[in-house]
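Inspection log for the structure reproduced underneath, given as C-alpha cells.
This one's a predicted model, so the numbers in the text were calculated from it and none came from an experiment. Each residue takes its place number in the sequence, starting with 1.
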Amino acid sequence: MATDTLKSTSSADSATGGLRRLLLDNGALTALIVLVVAMSALSGDFLTTDNLLNVGVQAAVTAILAFGVTFVIVSAGIDLSVGSVAALSATVLAWSATSHGVPVFIAVLLAVVTGIAAGLVNGFLIAYGKLPPFIATLAMLSVARGLSLVISEGSPIAFPDSVSHLGDTLGGWLPVPVLVMVVMGLLAAFVLGRTYIGRSMYAIGGNEEAARLSGLRVKKQKLAIYAMSGVFAAVAGVVLAARLSSAQPQAADGYELDAIAAVVIGGASLAGGTGKASGTLIGALILAVLRNGLNLLNVSAFWQQVVIGVVIALAVLLDTLRRKAGATPVTGASQGGKGRQAATYGLAAVVTVAIVGATSFLHNGSSSTANPKVGLSLSTLNNPFFVQIRSGAQAEAEKLGVDLTVTDAQNDASQQANQLQNFTSSSLGAIIVNPVDSDAASNSVKAADKAKIPVIAVDRGVNKASVDALVASDNVAGGELAAQTIGEKLGGKGKIVILQGQAGTSAARERAEGFAQGLKAYPGIQVVAQQPADFDRTKGLDVMSNLLQAHPDVQGVIAANDEMALGAIKALGSKAGKSVSVVGFDGTPDGLNAVKDGTLYASVAQQPSQLGKIAVDNALKALEGKKVEETIKVPVKVVTKENVAGFTG
C-alpha cells in the first residue's frame, strides 16, 4: 500500500516537474498562447481573418530584422545599426531606380550590397579594429541614417511599382510581407541549424577563446555574421518601403530595439550561445500581437510602451529562471529533440485553437454599441499642436455621442500604417488620419476605401489615394505668412536663420516651401543658415545655440513650429524680442504665452482644436452617408502681441 502511494506521489511529482520544464523550455510560446487567448477574450475584433493577417504583416519587418540580429546575438554580439541600414538600403534602391534610371533588378542588388557593405564594416571594426560591438554598430547607426538623409535630401523617394508589389497581397488575401518573413525565417533556421557558419556562431557565443583554439577563424566568421545581419536588414528595408510605397529616410527608426527585444523574448541570451529562428519569430509575433491588441482595446500609446518594456524584462527574467532550472538550451544547432519540439508546437496549436474557439463564444450574439465608432490616428502626441487636435476631436466626439479611438504613430509612418490597418479590420465606421507622411499613408487609405470606410484627412493630405474630405490649414500659405511677417518686422533687410522641421515629413517640406516663396519678396533678407531641429524644443535650443556661434549678428528667426521657436528663444536669452525677432508656427498655448510676453514676435496660428472638431463633424457626416466637402480650410492667422488677447485657438 505504501509502495503504491509512493509510486503515485512520484508519478505526480514527475508530471508536475515535466509540465514546469515544458513551460520553461517554451516560455515564449506559452506567452504567445496566453496573449492570443487574452486578446480574443477582450476584443471581438481580434480573432478575425483580416486582423490576424494584419498581425502577420505588422510582425514581418521586425521579424526579418530580428532573424539577422539572431545571428549576431547567438555569437555574443549586438547590432544596433539594423534599422538605419534598412532605411539606407531602401533609399539606395529607390534613388537608383527612380532618380537615375537603373534597372529595378540591379537596384535591388545595390540595396542588398549596401546591407552587406554596412555589415562588413561593422564586422571589420569589431573583429579587426577591436571595437566593442555596441560602439561599432552605434556608429554605423548614425552613419547609415545620415547617408539615407543625404541621398534622399530629407524627402521620401517614390518606390518603383514593380518592387511596391512586395507590399501587396497574393490572391487578394495573402500578404506578400508575410511570405517574405516565412522565407527569411526558414533561411535563418537553415543557417543556424544546418551550416558550418551556424555551428560557428554557437561556438563563438559559447566561448570565443575555446572556439579560436579549436581551429575556428573567429575574425572571418564575425565578418560573415555581421554581413548576413546586413543582408536581412536590407530585405526588411525593401519590404517596409514597399508597404509605404516610398523610401522614407527616417524609416525603421528605433526598430533595432524591437528586433533585439524579439530575439531576447524568443529565448536567446545576450550572453551568447543560445537562440533559434523559431523563437525569434515567436518574439516578433508577441510584440505584434501586443501592439495590435492594445490598439484594438484603445490603450494609450504611452502605456503600450510601458507594457512592452515590462514584457522584455519578464522575458529576460524567464531566461534567468530557465538557466537556474537547468532547462534545455535553446539552440538551433542540436539535432536531438526535433520530434519532441515539433510535437510541442503541434500541441500548442491544438490548445490555442481549442481555447480561442471557446472564448469566441463570449462575443457571439453580443450587440454592438449604438454609438458610432471613429478612429483617429495622429502622427504624434509628443507635440502640443497635435495634443490640441486630439482635445478638440475628443470634446466634439463626446458632444455628438461618438466613440473615438485615438492612436499615436510617434512620427513613424510604418507604425501609422499598422494602426490604420487595425482600424480597417475592426468595426470602426470612419477613420480620421493625420498622416506622418502624405505618400506613406496612401496604401492604408486605399485599403480603407476598398472596405467602404470613410476617411477624413486632417492637417495633411494623402497623396495617391482618395479621402472623403481634407480638413487642413494651408502649410505653404502659412509659411509665406511667416516669411512676410519677419520681412516686414525687419524692414525688408537683415540676416535670419530658419529652423526646419523633421526631415522627410510633409509638414516640414510644405512650410519650408512657403518660407522660400515668401522670402522672394524681400531680396534684402539674407538666410545665413537653415538647419533641421525636428519640431522639438530641446533640439531647437541646441541648434540655435550652435548657429549663434557662427552667426552672432543674426536679426531674425523663422521656426517651422512653436516648439522649435521656444527653444530658439531660450538660446537667444535677452536678445529674444529685442535685437532678434522670432516667428513661430502653430499657435500652441506655450507659443501664445511667449507672444504675450514679447519674447516670440509672432506665431502663425492654425487653430488645431478647430481642426480636430471639424474632422469629427465630417467623419460623422460621411459615416451617415451625408455629403461632405472635399476640402475644408481652417484659416491661419498671424498672432502678435497686438491681437493675441482676442485669439482663442
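Contact between Val82 and Ser229 at its shortest, heavy atoms only, is CG1-OG, 3.6 Å. When all heavy atoms are compared, the tightest approach of Ala90 to Phe159 is O-CE1, 3.6 Å. The two residues Val462 and Ser442 have their closest heavy-atom pair at CG1-CA, 3.8 Å. In terms of heavy-atom proximity, Tyr226 sits nearest to Pro133 at OH-CB, 3.6 Å. For Ala251 against Ala87, the heavy-atom pair with the smallest separation is O-CB, 3.5 Å. Closest of all the heavy-atom pairs between Val263 and Ala66 is CG2-O, 3.4 Å.
Val387 places none of its side-chain heavy atoms less than 4.5 Å from the side chain of Leu378. Using a 4.5 Å cut-off on side-chain heavy atoms (C-beta onward), Gln419 and Val433 make no contact. No side-chain heavy atom of Asp586 sits under 4.5 Å from any side-chain heavy atom of Pro608. Counting heavy atoms from C-beta outward, Asn434 and Arg460 have side chains that approach closer than 4.5 Å.
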If you look only at distance, which donor and acceptor atoms sit under 3.5 Å apart when one is on a side chain in residues 106-126 and the other is two or more places apart or in another chain?
unit_1 : atom_1 : unit_2 : atom_2 : d
Thr114 : OG1    : Leu110 : O      : 2.7
Asn122 : ND2    : Ser81  : OG     : 3.1

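Of the inter-residue distances, the one linking Leu285 atom CG with Leu29 atom CG reads 10.5 Å to the nearest 0.5 angstrom. Atoms CG and CZ, from Asn561 and Arg511 in turn, are 6.5 Å apart once rounded to the nearest 0.5 Å. Rounded to the nearest 0.5 angstrom, Gln415 CD and Ser377 OG are separated by 9.0 Å. For the atom pair Leu294 CG and Leu42 CG, the distance stands at 10.0 Å (nearest 0.5 Å). From Gln502, atom CD reaches atom NZ of Lys539 across 7.0 Å, with rounding to the nearest 0.5 Å. Rounded to the nearest 0.5 angstrom, Ile432 CD1 and Leu428 CG are separated by 10.5 Å.
Counting only residues at least two apart or in different chains, salt bridge (Lys or Arg N to Asp or Glu O under 4.0 Å) contacts with residues 244-269 comprise Asp258-Arg291.
Within a 6.0 Å radius of CG in Asn382, other residues, nucleotides and ligands contribute 12 heavy atoms or fewer.
Screening Asn418, Leu240, Val235 against Val61 for a side chain to side chain contact (heavy atoms under 4.5 Å, CB included) leaves a single residue, Leu240. The side chain to side chain contact (heavy atoms under 4.5 Å, CB included) test with Leu93 is passed by exactly one of Val102, Leu88, Val104, Val238: Val238.
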message = Would Asp408 and Phe386 count as a side chain to side chain contact (heavy atoms under 4.5 Å, CB included) here? Give the steps.
response = CA-CA 10 Å; Asp408 173 12; Phe386 300 103; over 6 Å; no
message = side-chain hydrogen bond (donor to acceptor under 3.5 Å, both in side chains), that's the test. Do Asp439 and Ser246 meet it? Break it down for me.
response = CA-CA 7 Å; Asp439 291 318; Ser246 59; 5.5 Å; no
query = How far apart are the C-alpha atoms of Leu296 and Asn51, what are their side-chain angles, what is the distance that settles it, and do they pass the side chain to side chain contact (heavy atoms under 4.5 Å, CB included) test?
reply = CA-CA 10 Å; Leu296 294 178; Asn51 190 62; 3.7 Å; yes
request  = Apply side chain to side chain contact (heavy atoms under 4.5 Å, CB included) to Ser414 and Arg243, showing your working.
outcome  = CA-CA 8 Å; Ser414 176; Arg243 283 192 67 203; 4.0 Å; yes
key: Evaluation steps, side chain to side chain contact (heavy atoms under 4.5 Å, CB included), between Asp412 and Val436   = CA-CA 7 Å; Asp412 183 345; Val436 172; 5.9 Å; no
inquiry  = One pair to check against side-chain hydrogen bond (donor to acceptor under 3.5 Å, both in side chains): Asp437 and Gln250. What are the steps and the verdict?
reply    = CA-CA 11 Å; Asp437 181 80; Gln250 292 287 10; over 6 Å; no
query = Hey, mind stepping through Thr407 and Asn295 against side-chain hydrogen bond (donor to acceptor under 3.5 Å, both in side chains) and telling me if it holds?
reply = CA-CA 7 Å; Thr407 60; Asn295 279 345; 5.8 Å; no
ask   = After noting the C-alpha distance and the side-chain angles of Thr91 and Ser148, does the key distance pass the side-chain hydrogen bond (donor to acceptor under 3.5 Å, both in side chains) rule?
value = CA-CA 6 Å; Thr91 301; Ser148 179; 3.0 Å; yes
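Between Phe71 and Phe232, the ring center distance clears the sub-6.0 Å criterion.
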